[in-house]
Amino acid sequence: MKLNRRAFIGTGAAAAAALQAPMVWGATDGRPKVVVIGGGAGGATVARYLAKDSKGEIDVTLVEPSRQYYTCFFSNLYIGGFRDLSSIAHSYGTLAAEYGVNVVHDWATGVDRDAKTVTLAGGAVLPYDKLVLSPGIDFVDGAVPGWDVSAQNRMPHAYKAGSQTELLKAQIESMPEGGRFAMVAPPNPYRCPPGPYERVSMVAHLLSQINPTAKILIVDPKEKFSKQALFEEGWNSHYAGMIERIGPDFGGDKVEVDPGEMTVTIDGVVEKVDVCNVIPAQKAGRICEIAGVNDGNWAPVNGHTMVSRIDGNIHVLGDATNQGDMPKSGFSANSQAKVAAMAIRGELTGSKVFPAKFSNTCWSLIDADDGVKVGASYEATDEKISSVASFISQTGEDASLRKQTYEESLGWYAGITADMFG
Amino acid sequence: MKTGVPSVLAGLCLAIGAWVGAAAADEIGDAENGERIFRKCASCHQVGQGATHRVGPHLNGIFGRRAGTVDGYGKYSDGLLRAGNDGLIWSLEKLHAYLENPKYLVTGTRMNFAGLSDAQDRADVLAYLRQFSDNPANIPEAQPTAIAPEVELPPGILALVGDPEYGEYLASECTTCHQRDGSDQGIPSITGWPQEDFVIALHAYKRKIRPHPVMQAYAGRLTDDEIAALAAYFAGL
Ligand SMILES: Cc1cc2nc3c(=O)[nH]c(=O)nc-3n(C[C@H](O)[C@H](O)[C@H](O)COP(=O)(O)OP(=O)(O)OC[C@H]3O[C@@H](n4cnc5c(N)ncnc54)[C@H](O)[C@@H]3O)c2cc1C
């Protein structure tokens with residue numbers, strides 16, 4: 001059966017999900033087809049670049065269940081009161097209307113690698129020549145004893161942004177005076193290495209305004225963490241006495257939670273808390289496992305093109321990948337997406353392919369106008385993506401530089417979201 | 001006495017600092033001649049006892065000070081303030097660069113001055129200014145960076161014509177931060193620039209004359225051809 005392609009252009013294409021019988025969207029015009037699963041930092045970027053740079057030569061379909069994508073980046077700033085939630089929400093209208101990306105609001109539930117098709121929850125079947133997976137992360141089952149996703153309303157992770165972030169903030173705002181906020185930090189590797197610690201900074205900022213005698217407890221399985229010296233310096237100067245961190249040397253790696261009782265048990269010692277932010281160990285988004293492109297928890301890729309090491313017709317981007325030295329960040333996912341778009345375009349349309357270049361910068365806000373950054377540039381080797389040069393903010397920098405660094409992060413946020421969504 | 005600034009080779013090579021002569025701290029140039037050259041600056045700057053701000057800030061104590069921080073001036077350009085925040089300290093090397101071509105170091109600088117192309121003139125005027133810095137003993141001495149870096153790029157670099165397709169791909173790395181539509185929400189706009197200004201700015205990061213670590217890292221791995229391609233691409237946006 002043939003479908004009128006125009007019916008699928010635009011975000012209204014979600015209607016597709018309502019179609020009854022499973023059907024294959026046949027090639028109506030002979031253009032090569034790319035299906036992208038996940039409309040986040042990696043997926044939205046790759047869809048936009050493929051559509052834009054192929055000038056219509058490639059038929060691009062983006063599958064993403066949410067109509068609004070809330071960026072995890074800057075979601076901590078929402079908790080701190082520096083952004084409102086609507087300012088981190090983005091929709092897919094421009095990708096559809098201006099770039100001609102077919103945006104389908106549905107879940108991908110199956111990948112048939114032999115037939116080269118993707119099945120959606122609504123029943124539709126999408127054929128592809130190339131498939132791009134950028135589904136972000138899911139949580140490892142049983143990573144924090146006592147916690148599973150059914151407990152996420154009692155003990156939010158807020159590690160996928162949106163309602164979870166809103167809930168966590170609301171819980172912090174209603175903490176009793178002098179109450180206790182606990183964070184169970186994740187083991188490596190996880191999305192956004194400085195993320196949990198920027199979050200602690202933003203929680204501290206919020207509490208110091210509304211509940212200054214409240215305390216923050218970080219239970220951490222890691223010995224060291226990203227930008228540690230910068231965070232600790234900032235915590236001492238802005239939030240003295242508020243934040244305590246228990247590392248693995250004091251049982252931070254032996255933690256259990258009880259969402260019903262609101263307790264955290266650290267190496268056998270039970271602590272009662274008022275809010276508990278559990279950030280469990282992570283793995284590639286489920287669809288990677290379903291597609292069979294994982295090796296362990298993550299999908300290995302070749303850094304020259306971001307092609308899966310398991311299936312040459314599938315590219316994987318962002319947090320879900322195991323690629324080498326790049327941290328799991330929005331910046332990295334966006335950077336990888338452009339390399340993948342170039343490689344895919346080269347294969348499908350014969351356009352020029354240039355050597356891959358990657359980079360990353362992660363800014364974190366410690367307090368108002370106190371921004372820090374860490375970053376590096378990378379190149380692909382046959383074995384992995386490796387770091388070639390790096391930089392990091394220094395302790396003891398003066399306030400004018402920190403303020404400028406924060407302002408840069410605002411510029412970056414505007415830049416990357418425009419680069420993703422048009 | 002003059003220090004014998006090396007003859008003007010193609011600029012980039014000089015910056016590598018192959019210069020071996022060890023000039024003593026007090027021999028950066030001929031201060032007497034520098035006083036004469038300072039007349040070119042005097043329409044905008046005062047120096048010495050009782051100097052006040054004019055079009056430009058007074059220049060007492062300029063050596064070793066962070067750019068854009070003279071008290072009471074208040075008219076610095078955004079670019080100079082940004083460079084100061086990034087950690088630009090007025091060393092001999094940076095002053096040479098700024099005086100040779102103010103735009104090289106600071107985009108949109110308010111110092112509307114064509115620059116002193118002659119390295120000896122710069123050395124001399126800086127020797128003169130140095131007499132009004134509190135701490136002459138602290139001036140960078142015979143380190144390689146103390147030589148006059150020729151910031152002008154060899155004509156060959158400026159004449160490179162970039163491959164626009166390559167420029168477009170390379171530019172995708174930049175647009176994570178610099179917006180394609182030219183808006184500036186905390187990171188400067190780089191669209192629609194004269195290509196030459198773009199090229200010299202990127203070379204200034206590449207050669208670490210401009211201080212910003214992120215841009216140093218990006219520019220540091222761009223070749224001359226890639227810079228030309230990017231300049232062509234962004235100029236056309
Ligand atoms: C608190 C926090 C702060 C952060 N701060 C920063 C920062 O400052 N800078 C930075 O660079 N990064 C930051 N990050 C990291 C950044 O958010 C992620 O690294 C980035 O979003 C990864 O991009 P991605 O494309 O891999 O996944 P995502 O952006 O998570 O996108 C995945 C998308 O796939 C969709 N999806 C999943 N499964 C399916 C399926 N089966 N079918 C269809 N769609 C599916 C999801 O709905 C989602 O929209 C932060 C993260 C957190 C949690």
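As the structure is a computational prediction, the values presented were derived from the model and not from experiment. The sequence lines fix the lettering, A, B, ..., with proteins before strands; numbering per chain opens at 1.
Per-residue heavy-atom pair counts under 4.5 Å with chain A were compared for B/Gly87, B/Ser172, B/Pro213, and the maximum is reached by B/Ser172. Counting heavy-atom pairs closer than 4.5 Å to chain B, the top residue among A/Ala399, A/Ser359, A/Ala341, A/Ser351 is A/Ser359. Interface check for chain A: of the options B/Asn85, B/Val214, B/Leu81, B/Asp181, the most heavy-atom pairs under 4.5 Å are formed by B/Asn85. Comparing A/Asp398, A/Thr405, A/Ile392, A/Leu410 by heavy-atom pairs within less than 4.5 Å of chain B, the highest count is held by A/Asp398. Of all the listed residues (A/Phe391, A/Tyr413, A/Tyr49), the one sharing the greatest number of non-hydrogen pairs under 4.5 Å with chain B is A/Phe391.
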* To do: Starting from the C-alpha separation in whole Å, work towards a yes-or-no answer on side chain to side chain contact (heavy atoms under 4.5 Å, CB included) for B/Arg221 and A/Lys357.
  => CA-CA 10 Å; B/Arg221 60 175 180 158; A/Lys357 278 190 179 185; 4.0 Å; yes
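At most 12 heavy atoms of other shown residues, nucleotides or ligands fall within 6.0 angstrom of atom CG in B/Asp78. The neighbour count for A/Lys403 NZ, taken as heavy atoms of other residues, nucleotides or ligands under 6.0 Å away, does not exceed 12. Around atom CD of B/Glu196, no more than 12 heavy atoms belonging to other residues, nucleotides or ligands sit under 6.0 Å away. Annotation: A/Asp84, atom CG; neighbour count of heavy atoms from other residues, nucleotides and ligands within 6.0 Å is above 12.
When every heavy atom of B/Tyr169 is checked against every heavy atom of A/Lys338, the shortest pair comes out as CE1-O, 4.2 Å. Counting all heavy atoms, side chain and backbone alike, B/Ile187 lies closest to A/Trp412 at CD1-N, 3.6 Å.
The interface of residues 369-380 of chain A with chain B, defined by heavy-atom distances below 4.5 Å, comprises A/Lys373, A/Ser377, A/Tyr378. Residues of residues 326-336 of chain A that come closer than 4.5 Å to chain B, counting heavy atoms only, are A/Phe331, A/Asn334, ordered by residue number.
Taking 4.0 Å as the cut-off between side-chain N and carboxylate O, A/Lys352 and B/Glu168 do not count as a salt-bridged pair.
Only the side chain of A/Ala418 comes within contact range of chain B, with heavy atoms under 4.5 Å apart. Only the side chain of B/Gln179 has a heavy atom closer than 4.5 Å to any heavy atom of chain A. With a 4.5 angstrom heavy-atom cutoff, B/Arg82 touches chain A via backbone and side-chain atoms both.
Atom SG of B/Cys177 is separated from atom CG of A/Asp419 by 9.5 Å, given to the nearest 0.5 angstrom.
Under 3.5 Å, the side chains of B/His212 and A/Gln404 contain no donor-acceptor pair of N or O atoms.
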